Every structure is written in structure tokens, then in C-alpha cells.
Trainee: 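Please see the structure below; I have some questions.
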There are 2 protein chains.
Amino acid sequence: MHSFTEENYLKAIFKLIEQDGDGVTTNAIADRVKTKAASVTDMLKKLSDKKLINYRKYQGVSLTSKGEKVALNIIRKHRLWEMFLVEKLDFKWDEVHDVAEELEHINSEKLISQIDKFLNYPKVDPHGDPIPDKNGKFQIQKSKPVSVFKQNDVLIMTGVVDHSAAFLQYLDKVGIALGKEIKIKNMVEFDKSLQIIINKNTPIFISNEAAKNILAIKKIKCG
Amino acid sequence: MHSFTEENYLKAIFKLIEQDGDGVTTNAIADRVKTKAASVTDMLKKLSDKKLINYRKYQGVSLTSKGEKVALNIIRKHRLWEMFLVEKLDFKWDEVHDVAEELEHINSEKLISQIDKFLNYPKVDPHGDPIPDKNGKFQIQKSKPVSVFKQNDVLIMTGVVDHSAAFLQYLDKVGIALGKEIKIKNMVEFDKSLQIIINKNTPIFISNEAAKNILAIKKIKCG
DNA sequence: ATAATATTTTAGACTAATCTAAAAATATGA
DNA sequence: TCATATTTTTAGATTAGTCTAAAATATTAT
């Protein structure tokens with residue numbers, strides 16, 4: 001098993017990737033786990049030795065599939081416990097976080113599968129965040145900025161962060177709208193702009209700034 | 001708050017006192033918390049500094065009322081969690097111990113009071129052990145050998161450990177029977193024999209061997 | 001392109017809890 | 001009572017996680 005602390009680092013890294021994509025920085029992690037950058041570096045070496053993250057000095061980190069599995073399991077437990085506290089023990093949705101932070105580290109397969117059953121297999125927690133199933137798969141996807149996805153991902157546009165008229169008019173002009181398919185063809189290293197294909201049309205470029213403000217989910221593979 | 005480890009030591013000491021009375025030995029604790037005597041000595045110093053135990057080198061330990069309070073709270077949490085696992089999550093009574101060992105260290109007043117309510121304020125856990133209430137009082141007392149009680153305790157005799165005819169005849173002869181009041185007048189240091197008063201009659205002496213085989217509970221003060 | 005700034009890593013130290021081996025205290029028993 | 005055995009404590013080392021301060025690397029802005 002992994003230590004309480006290792007689990008917290010993996011969870012922090014997972015959430016940072018979810019927010020900002022791969023290449024998570026030492027300082028960002030230090031912020032999230034409320035420690036100093038030097039301590040983070042030590043832990044990154046340890047997690048890397050255990051093949052839980054991909055780490056090269058000064059280059060930022062990403063999770064290996066092994067590390068992602070661990071992180072997803074912690075998140076699953078956290079969200080199921082939050083659900084339990086609200087549904088069964090009359091906690092308010094804003095009271096549950098700190099207790100769930102502790103409960104998520106309890107080690108028992110049976111405990112968590114029984115809680116899941118007891119709650120009738122919920123798909124989202126009290127904050128509306130999706131709960132991964134026991135295989136680490138989300139039944140419901142949360143929309144994320146286009147900027148966090150990877151080359152060759154195929155997405156469905158679901159919303160915007162910036163609701164300004166100017167931005168919406170821009171989207172209209174380039175042909176991005178709710179429900180449209182967006183395939184990420186390429187990412188330009190220099191300015192992080194993206195070459196994308198909308199509904200199989202001719203590729204276009206959008207800036208990193210634009211990509212950060214367009215929300216999307218991964219398209220589910222059919223067949 | 002106290003560390004996970006400190007809590008485990010306090011719980012171990014509490015249980016040893018419950019079994020054998022005050023003056024718990026270093027080795028007995030080492031056995032229970034599965035560590036070495038040297039480690040126990042270190043921890044005893046720490047707990048003593050924090051005024052959680054009474055400790056004099058080589059003399060064995062007892063709990064201060066502060067320490068007992070902490071121990072009782074851990075035991076309360078442990079037993080409520082066991083109850084929850086069996087009643088609500090379909091655990092077998094022999095599957096719950098290890099998980100409850102982890103859950104008992106979760107820090108949340110509200111969590112445990114809500115679990116208590118959810119279970120409708122149970123008085124005993126799935127193993128039949130009494131559950132202390134939030135003030136650390138047992139609503140139901142577990143019978144313990146007379147040998148573990150202290151001077152001036154007033155008890156009610158509830159049973160025996162040794163069911164042999166010889167022992168029962170001896171009890172009959174000295175006037176000890178189910179329901180009789182036993183007041184502990186004095187304990188002889190030399191052989192640990194007890195001077196007791198049965199139903200306010202003339203004091204008699206019983207051996208430590210006998211005292212270990214007579215079960216009793218503390219008499220509840222009326223009025 | 002280079003100087004200034006910011007980020008990240010290294011080096012070395014600290015704490016809590018643990019261990020082994022040796023010393024000290026206590027208990028046992030002829 | 002005095003030697004022996006047992007128990008407990010001390011001394012010194014180890015591990016996980018943390019810290020500060022200094023060095024190395026990367027980024028930014030002129």
C-alpha cells in the first residue's frame with residue numbers, strides 16, 4: 001500500500017492535471033499539499049522510483065497509468081464518503097470536505113464497495129463532481145477546458161468559461177458551437193496554440209487563450 | 001489532537017487496565033501494540049509529559065482521567081463503527097475489527113454523533129461489548145474479575161470464571177453469591193489477597209486467585 | 001543575447017516513531 | 001542474602017516526511 005502522504009500527493013497531481021493538463025509544476029503541488037517546494041521534490045523522486053509518476057528534473061510531472069489508478073481510487077473514496085455524509089448523516093454539502101479528506105485514506109475494498117451499494121451507486125457527489133467507478137472510469141464526464149486535452153483527442157463542445165459577447169461572436173465565426181466535435185490535431189510548442197478540426201472540416205488554429213475558455217468533454221467511442 | 005500512535009497506546013493501556021487492573025507493564029503494552037519494549041518506554045515518557053498517564057520508571061503505568069477520557073473516546077468510536085459496519089453495510093461480526101481499527105482515528109465530533117444517532121444510540125457493539133456514551137460513561141457494564149477493582153469500590157457479584165464444584169462450594173461457604181454486594185476494604189501488598197465486606201457483614205479475606213475468578217460490576221450509586 | 005528574476009533542486013538538519021544492543025533496576029530462588 | 005534471570009531503560013541508529021538556505025536551472029525582459 002501507499003502512505004497517506006503519497007496518496008495525497010498523487011491526488012493533488014491528478015487534480016492539477018485535470019485543471020491545467022500535464023507538466024504539473026513543483027510549486028503548484030507545494031501549494032496544493034500545503035508544503036514547501038523542497039519537500040515536493042523529495043516526494044517526486046520517491047513517486048518516480050515507485051513508477052507512479054513520470055518525472056524529469058525541472059520538467060514538471062505527469063501520472064503513469066499506475067499512479068492515475070491510485071489517484072482515481074482516492075477520489076472515488078472521497079466522493080463516495082461525501083455522498084454518504086450528506087445523504088445518510090445529514091451533513092451540509094459544505095461541511096463534508098475535511099472529514100472526507102480523512103476517510104478517503106481508509107483501506108478496505110469491502111468498505112467502499114458496500115458504501116457504494118448502500119448509496120445505490122451514485123454517479124456524482126454532492127458538489128456535482130463525477131464519481132469514478134471501481135475501475136476508475138467516470139460514468140459522467142465533467143467539462144474541462146479544451147487546453148487540457150491531448151493530441152488526437154476527440155471532444156464534444158459543451159460550454160464556455162468566458163461568456164462575453166466578443167468571445168461568443170468569435171466562436172460563431174470559426175464555427176465552434178455547443179455539441180460540435182473538436183479533434184485536436186496538433187499543439188504548437190511555441191505559443192501553445194492548437195490546430196483543431198471542427199466536425200471534420202478544414203483544420204483551423206485557435207490560441208491557448210481561446211482553448212482555455214472553451215469547455216468540452218471527450219467524445220465517447222461508439223462501436 | 002493526539003497522534004494516531006498515541007491514541008493506540010492509550011487504548012492498549014486502557015484495555016490492559018480493564019483486564020488486569022492498574023500497574024500495566026511495559027512488556028504487556030509492547031505485546032499489545034506489536035512493538036518493542038524500548039519503543040514503549042519512549043512513548044510512556046511522552047504520554048507522561050502530556051499528563052495522559054501516571055508513570056514512574058520501572059513501576060508500571062495507569063491512566064490519568066485525561067488519558068482515560070481519550071481512550072474511552074477511541075473505544076466509543078471503534079465500537080460504533082463496528083456496529084455501523086454490521087448493521088448497515090452487511091459485514092459479518094468477525095470481519096469488522098481491522099477496518100474499525102482505522103476508522104476509530106477519524107477526527108470529527110459531528111461524524112461520530114451522527115453515526116450514533118443513525119444507529120439509534122446502541123449500548124453494545126456486535127461482540128456484546130458496551131459502548132461508552134459521549135461523556136465516556138458506559139450505560140451497560142461488562143463484568144470484570146474482582147481482582148481488577150480498587151480499594152473502596154462497591155461491587156455486585158455477577159458470575160464466575162471458574163465453574164468447578166470446588167470453587168462454587170467455597171463461594172457458598174464464605175457467603176458470596178450472585179447479586180451480593182462486595183466492598184473492597186483493603187488489598188494486601190504481599191500476596192495481593194483482598195479484605196472484602198459481603199453485604200455489610202464482618203470483613204473476610206479472599207486470595208488473589210479467588211478474586212480473579214469472581215466476576216462483578218460496580219454498584220450504581222442510587223440517590 | 002544577456003542580465004535579472006523566478007523556479008526547482010541539493011545539502012544538511014529536525015521530529016516522531018521505530019529498532020538493536022547494552023546497561024540498570026527489579027524480581028526470583030537457592 | 002547473594003547470584004541469576006527477567007524486565008525496563010538508555011544510548012545510538014534508522015526511516016519518512018518535513019524544513020531552511022544555498023546552488024543549479026529555466027524563464028523573462030530588455
Side-chain angles (χ1 to χ4, degrees), chain A residues 1-13 16-17 20-50 52-62 67 70 74 101-102 105 107 188-192 208-209, chain B residues 1-13 16 20-50 52-62 67 70 74 101-102 105 107 188-192 208:
Chain A
M1 264 311 108
H2 308 99
S3 75
F4 188 101
T5 313
E6 285 169 346
E7 289 183 351
N8 278 339
Y9 273 90
L10 290 171
K11 188 179 59 158
I13 294 166
L16 289 166
I17 290 173
D20 311 321
D22 278 352
V24 172
T25 67
T26 302
N27 271 349
I29 299 168
D31 254 38
R32 254 200 112 89
V33 306
K34 293 196 173 67
T35 185
K36 297 300 159 75
S39 311
V40 174
T41 302
D42 287 348
M43 183 55 83
L44 294 183
K45 278 184 207 150
K46 193 174 158 195
L47 294 174
S48 181
D49 288 348
K50 292 192 174 186
L52 293 162
I53 60 171
N54 304 112
Y55 170 59
R56 275 180 14 259
K57 278 200 215 176
Y58 297 101
Q59 300 312 133
V61 301
S62 63
V70 176
I74 304 296
E101 280 301 278
E102 293 190 47
H105 300 286
N107 274 315
V188 180
E189 203 38 72
F190 165 67
D191 63 355
K192 306 223 181 322
N208 175 250
E209 195 54 31
Chain B
M1 263 311 106
H2 308 100
S3 76
F4 187 101
T5 314
E6 285 170 345
E7 289 184 349
N8 277 339
Y9 273 91
L10 290 171
K11 188 180 58 157
I13 295 166
L16 288 166
D20 310 323
D22 278 353
V24 172
T25 67
T26 302
N27 270 349
I29 298 168
D31 254 36
R32 254 201 111 90
V33 305
K34 295 198 172 66
T35 186
K36 297 298 159 75
S39 312
V40 173
T41 302
D42 287 347
M43 183 55 82
L44 294 182
K45 278 184 207 149
K46 194 173 158 196
L47 294 174
S48 181
D49 288 349
K50 291 193 174 186
L52 292 162
I53 60 171
N54 305 113
Y55 170 60
R56 279 185 5 263
K57 278 200 216 175
Y58 298 101
Q59 300 313 131
V61 301
S62 63
V70 176
I74 304 296
E101 283 297 282
E102 294 191 47
H105 300 286
N107 274 315
V188 182
E189 203 40 69
F190 164 66
D191 64 354
K192 306 220 182 322
N208 176 249

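Keep in mind the model is a prediction, meaning the values are calculated, not measured. Chain letters run A, B, ... following the sequence lines, proteins first, then strands; residues in each count from 1.
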Trainee: Looking across every strand, which nucleic acid part, if any, lies under 4.0 Å from A:Y55 by heavy atom: base, sugar-phosphate, or nothing?
Mentor: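 Contact class for A:Y55: sugar-phosphate only.
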Trainee: Rounded to the nearest Å, what distance is computed from the CD1 atom of residue B:I29 to the P atom of nucleotide D:dT7?
Mentor: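 Nearest whole value for this atom pair: 14 Å.
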Trainee: Starting from Watson-Crick (N1-N3 plus N6-O4 or O6-N4) and G-U wobble pairs under 3.5 Å, report the runs of at least three that DNA chain D belongs to.
Mentor: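 The stems are C:1-30 with D:1-30.
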Trainee: What I'd like to find out is whether the side chain of B:T35 reaches to under 4.5 Å of the side chain of B:Y9, using heavy atoms alone.
Mentor: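 Of all side-chain heavy-atom pairs linking B:Y9 with B:T35, at least one is under 4.5 Å.
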Trainee: Whole angstrom is fine here: how far is it from CG in B:L47 over to P in C:dA16?
Mentor: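 In whole Å, C:dA16 P and B:L47 CG are 13 Å from each other.
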Trainee: Is the phosphate of D:dC19, meaning OP1 or OP2, less than 4.0 Å from a side-chain N or O of A:T35?
Mentor: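 Looking at the OP1 and OP2 atoms of D:dC19, one of them is under 4.0 Å from a side-chain N or O of A:T35.
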Trainee: Using the closest heavy atom to pick a nucleotide of DNA chain D for each, name whichever of A:V33 or A:Q59 lands nearer the 5' end.
Mentor: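 The answer here is A:V33.
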Trainee: Taking the minimum atom-to-atom distance to the side chain of B:T5, which one of D:dT18, D:dA11, C:dT18 wins?
Mentor: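 For B:T5, the side-chain atoms sit closest to C:dT18.
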Trainee: Would you say A:N27 places a side-chain N or O within less than 4.0 Å of OP1 or OP2 belonging to C:dT8?
Mentor: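 The answer is yes; a side-chain N or O of A:N27 sits under 4.0 Å from OP1 or OP2.
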Trainee: How close or far is atom P of C:dA16 from atom CE of B:M1, stated in whole angstroms?
Mentor: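 Taking atom P of C:dA16 as the reference, CE of B:M1 is at 17 Å.
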Trainee: Testing the basics here: between B:V24 and B:G21, what is the closest heavy-atom pair and its distance to 0.1 Å?
Mentor: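 Looking at all heavy atoms of both residues, the closest pair is CG2-O, 4.0 Å.
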Trainee: Would you compute the distance between atom CD1 of B:I53 and atom CG of B:L10 and round it to the nearest 0.5 angstrom?
Mentor: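 Between atom CD1 of B:I53 and atom CG of B:L10 there are 7.5 Å.
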Trainee: Closest nucleotide of DNA chain D for B:T41 versus for A:Y58: which of these residues is on the 5' side?
Mentor: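 Final value for this comparison: B:T41.
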Trainee: Is any NZ, NE, NH1 or NH2 atom of the basic residue among B:E6 and B:K11 found under 4.0 Å from an Asp or Glu carboxylate oxygen of the other?
Mentor: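 No salt bridge links B:E6 with B:K11.
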Trainee: To the nearest Å, give me how far apart NZ (A:K45) and P (D:dA16) are.
Mentor: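 Distance, rounded to whole Å: 14 Å.
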Trainee: Within this structure, what is the CD1-CD distance for the pair A:I74 and A:E101, rounded to the nearest 0.5 Å?
Mentor: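 Taking CD1 in A:I74 and CD in A:E101, the distance rounds to 10.0 Å.
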Trainee: Are the side chain of B:E102 and the backbone N or O of A:N107 linked by a donor-acceptor pair below 3.5 Å?
Mentor: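 Yes, because the side chain of B:E102 sits within donor-acceptor range (under 3.5 Å) of the backbone of A:N107.
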Trainee: With a 4.0 Å cutoff (strictly under), does any side-chain N or O of A:Y9 reach OP1 or OP2 of D:dT18?
Mentor: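 Answer yes for this pair, as a side-chain N or O of A:Y9 is under 4.0 Å from OP1 or OP2.
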Trainee: A:K34 near the nucleic acid: base, sugar-phosphate alone, or nothing, with a heavy-atom cut-off under 4.0 Å?
Mentor: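 Nothing, no nucleic acid heavy atom in range.
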Trainee: Is any side-chain N or O of A:T26 closer than 4.0 Å to OP1 or OP2 of C:dT7?
Mentor: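 No, no such contact exists.
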Trainee: Can you find a side chain N or O atom of B:K36 that sits less than 4.0 Å from OP1 or OP2 on C:dT20?
Mentor: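 Result: yes.
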Trainee: Can you tell me how far CG of A:N8 sits from CD1 of A:I13, rounded to the nearest 0.5 angstrom?
Mentor: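 One gets 11.0 Å once the value is rounded to the nearest 0.5 Å.
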Trainee: Would you mind reading off the distance between B:I53 atom CD1 and D:dT8 atom P, rounded to a whole angstrom?
Mentor: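 These atoms are roughly 13 Å apart.
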Trainee: Within this structure, what is the CG-to-P distance between B:D42 and C:dA16, rounded to whole angstrom?
Mentor: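 Whole-Å distance recorded here is 12 Å.
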Trainee: Rounded to whole angstroms, how far apart are CG on B:L44 and C1' on D:dT7?
Mentor: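 To the nearest whole Å, that distance equals 13 Å.
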Trainee: Whether the side chain of A:Q59 engages the backbone of A:R56 through a donor-acceptor N/O pair (distance < 3.5 Å, no angle test) should be reported.
Mentor: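 Answer holds: no.
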Trainee: For the pair made of CD in A:E6 and P in D:dT18, what is the distance, rounded to whole Å?
Mentor: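 Whole-Å distance recorded here is 10 Å.
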